[in-house]
Amino acid sequence: MNQDRKKIFIFDTTLRDGEQSPGASLNPQEKLEVARQLEKLNVDVIEAGFPAASRGEIEAIQMISKKVRKPVICGLSRMIRKDIDACRQALKFAKNKRLHVFLATSMIHREYKLRKDKSELVQIVKKEMEYARRFFDQIEFSPEDASRTEWEFLAEVVGIAIEAGATSINIPDTVGYALPSEFGDMIQFLVRQLPELGNAVTLSVHCHNDLGLAVANSLAAVANGANQVECTVNGIGERAGNASLEEIVMAIDTRKDSLPVRTDIELSEIIKTSRLVSRLTGMVVQPNKSIVGRNAFSHESGIHQDGVLKKRETYEIIDPHRIGLEESQLILGKHSGRHAFRERLKKLGVVLSEKELERAFERFKKLADQKKYVFDEDIQAIVEDEVVRIPTTWALEHFSVNIETQRPPRALMRLKKGGKVFEVSSSGDGPVDACYKAIEKIAKVKAKLSQYSLNAVTGGKDALGEVSVKLKFKDQEIAGRGASTDIIEASVKAYLQALNRALAYGNKRRREALV
Ligand code: KIV
Ligand code: ZN
């Protein structure tokens, strides 16, 4: 059924306009990594850069063209020979290629930037389109600052570009000045003047976010006939950025009832793409950013948490799994209620009686008043303090690790349980893995290490290292912490703490089941 809807082409410009964000520049290898991920995201067009900028930019686009074969690869160019020739070079290996030429058309750009009148601009469009047509089948033309251009003149220039062979027309709101209703009206006006737009000729929009309206303007254009949207991952780009890809795509997907269109984006790749772009560009995603922000699927208020636990859709319009997130998060803090607290205990494998739960909940509330976030480790500490005393079932007696080049490391582990000493040796992929395997051999358990982190607690060469682990014993995920100046010893202590906790919680659960 989705296929019956009109397709909106997603033209991704993260590697061109996005890379124009101050401080966001990428090296060729990083550009390729992003392009490969954009291919997995299934964007239709990748604007890979501005070839005239440098030799390195040309080489990066050539590398992308050789390795990324599914989407159209596009290069940006001013309407001058030198730029068009740079695009020819950059795109010579591309399977599907597009030239994107632009020329400013608004009065302020004509008078102050270009110092050319309307007729001179028309001549440039005719001449350079003719040149470009010799080398490219797909040519996109952008009248820069279109939203501040006189509508009649805009339609005239666009008509001339189409006559000269443009296969796509892109209408930019270059300075993010437009309002959704007027931008939608402008698109409707152009479609009325030139009915091939959005049909034989692709009608694209490219909106900037100076007033925070880039996505709204793009959607208004779609509602009025545009069939391509230019956007960037995480909304990065010049100044306040471009329309955000993930917001456009998820608005179209979520509001199918109101927008009879579709995109072919692979939704489950959205989070991965967002994180990759953020990591490589160094542009941190604001926590409350729609769709991909850290808080976009986190619930803090007790009323909301209770609602989500009863039925997710009460406070979530998107299933987080669809965009590649594991699940929504209930942040435990001072606004959380009993329902969320009990659920978290359940996830941690802790079953308490009503009385114990009440005591633990009161302690949790007190802690939440003092701390911004209450982590799983804090909850485990409360439970251990208030309810379950954690016996040291397995205690570390001694360990050593033999590391030789060319051979996997081998750990010798001696643990004590109820006065008896057990000793085994085991090899592993690294010293920590070898120790963990030896512990599992002695204790006859099997756990999946779902998290491991190492932090220096103090400074200097003799810094105390603190290791935090999360181990999954069947359906229980248990945290453990250990500190030592020797990081392998800290790792062993963290594992043993988690193991002893798992055994204590397990016993308690069995006890509960008996009463
Ligand atoms: O914002 C803009 O006008 C542009 C054009 C080059 C399309 O980025
Ligand atoms: Zn732009």
Side-chain angles (χ1 to χ4, degrees), residues 9-22 24-25 44-53 57 61 72-80 82-84 86-87 90 98-110 112-114 121 124-125 128-129 132 138-149 153-154 157-158 161 166-178 183 186-187 190 197 201-215 217-218 221 226 228-245 248 281 283:
F9 291 87
I10 297 297
F11 177 116
D12 181 276
T13 182
T14 307
L15 294 175
R16 198 279 295 170
D17 214 321
E19 212 199 351
Q20 286 172 219
S21 313
S25 69
D44 299 287
V45 185
I46 294 177
E47 186 164 56
F50 180 45
E57 185 79 335
I61 299 171
V72 173
I73 308 294
C74 177
L76 181 69
S77 164
R78 287 167 294 184
M79 293 196 102
I80 54 179
K82 161 179 154 306
D83 282 25
I84 297 173
C87 282
R98 183 179 299 180
L99 173 73
H100 180 186
V101 286
F102 71 98
L103 184 66
T105 48
S106 65
M107 190 162 73
I108 185 166
H109 280 239
R110 290 191 315 258
Y112 294 95
K113 188 179 89 172
L114 301 174
L121 295 193
I124 295 173
V125 172
E128 298 312 318
M129 279 299 298
Q138 289 190 34
I139 305 176
E140 176 161 319
F141 170 71
S142 286
E144 194 191 5
D145 205 17
S147 54
R148 290 192 297 173
T149 301
F153 179 56
L154 183 64
V157 178
V158 166
T167 49
S168 310
I169 295 296
N170 177 47
I171 304 300
D173 181 24
T174 302
V175 288
Y177 180 75
F183 197 62
M186 179 185 238
I187 295 298
L190 288 172
L197 285 175
V201 175
T202 301
L203 177 54
S204 175
V205 289
H206 173 113
C207 299
H208 277 272
N209 210 25
D210 299 66
L211 293 175
L213 294 170
V215 170
N217 285 337
S218 306
Q228 177 179 286
V229 175
E230 298 198 358
C231 44
T232 60
V233 176
N234 299 337
I236 62 172
E238 254 327 310
R239 305 181 309 280
N242 289 66
S244 133
L245 180 148
I248 303 263
T281 58
M283 306 261 312

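In listed order, ligands and their atoms are each counted from 1.
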Side-chain heavy-atom pair F50, D83 within 4.5 angstrom cut-off: yes
Holding to side-chain contact (heavy atoms from CB on, under 4.5 Å), I want the full list of residues that pass it with F153, two or more places apart in sequence or in another chain. T105, R110, K118, L121, V122, T149, E150, E156, V157
Are the side chains of E128 and S77 in contact, using a 4.5 Å heavy-atom criterion? no
Stepwise side chain to side chain donor-acceptor pair (under 3.5 Å) check, T232 with N242: CA-CA 6 Å; T232 60; N242 289 66; 4.7 Å; no
Ignoring hydrogens and angles, state whether a donor on the side chain of N170 or S204 is under 3.5 Å from an acceptor on the partner side chain. yes
By side chain to side chain donor-acceptor pair (under 3.5 Å), which residues pair with E47, not counting sequence neighbours? T13, R16, H100
Taking C-beta and beyond as the side chain, do V205 and N217 meet within less than 4.5 Å on heavy atoms? no
Please indicate how many protein N/O/S atoms are found closer than 2.8 Å to the Zn ion (ligand 2), with waters neither displayed nor included. 3
Taking the side chain as everything from C-beta on, heavy atoms only, tell me whether E140 gets closer than 4.5 Å to T202. no
N234 side, atom CG; S21 side, atom OG - distance, nearest 0.5 Å: 10.0 Å
Can you give me a line-by-line list of nitrogen or oxygen pairs between ligand 1 and the protein shorter than 3.5 Å?
{"residue": "ligand 1", "atom": "1 (O)", "partner": "H206", "partner atom": "NE2", "Å": "3.2"}
{"residue": "ligand 1", "atom": "1 (O)", "partner": "H208", "partner atom": "NE2", "Å": "3.0"}
{"residue": "ligand 1", "atom": "3 (O)", "partner": "T174", "partner atom": "OG1", "Å": "2.6"}
{"residue": "ligand 1", "atom": "8 (O)", "partner": "R16", "partner atom": "NH1", "Å": "3.4"}
{"residue": "ligand 1", "atom": "8 (O)", "partner": "R16", "partner atom": "NH2", "Å": "2.9"}
{"residue": "ligand 1", "atom": "8 (O)", "partner": "D17", "partner atom": "OD2", "Å": "3.1"}
{"residue": "ligand 1", "atom": "8 (O)", "partner": "H206", "partner atom": "NE2", "Å": "3.1"}

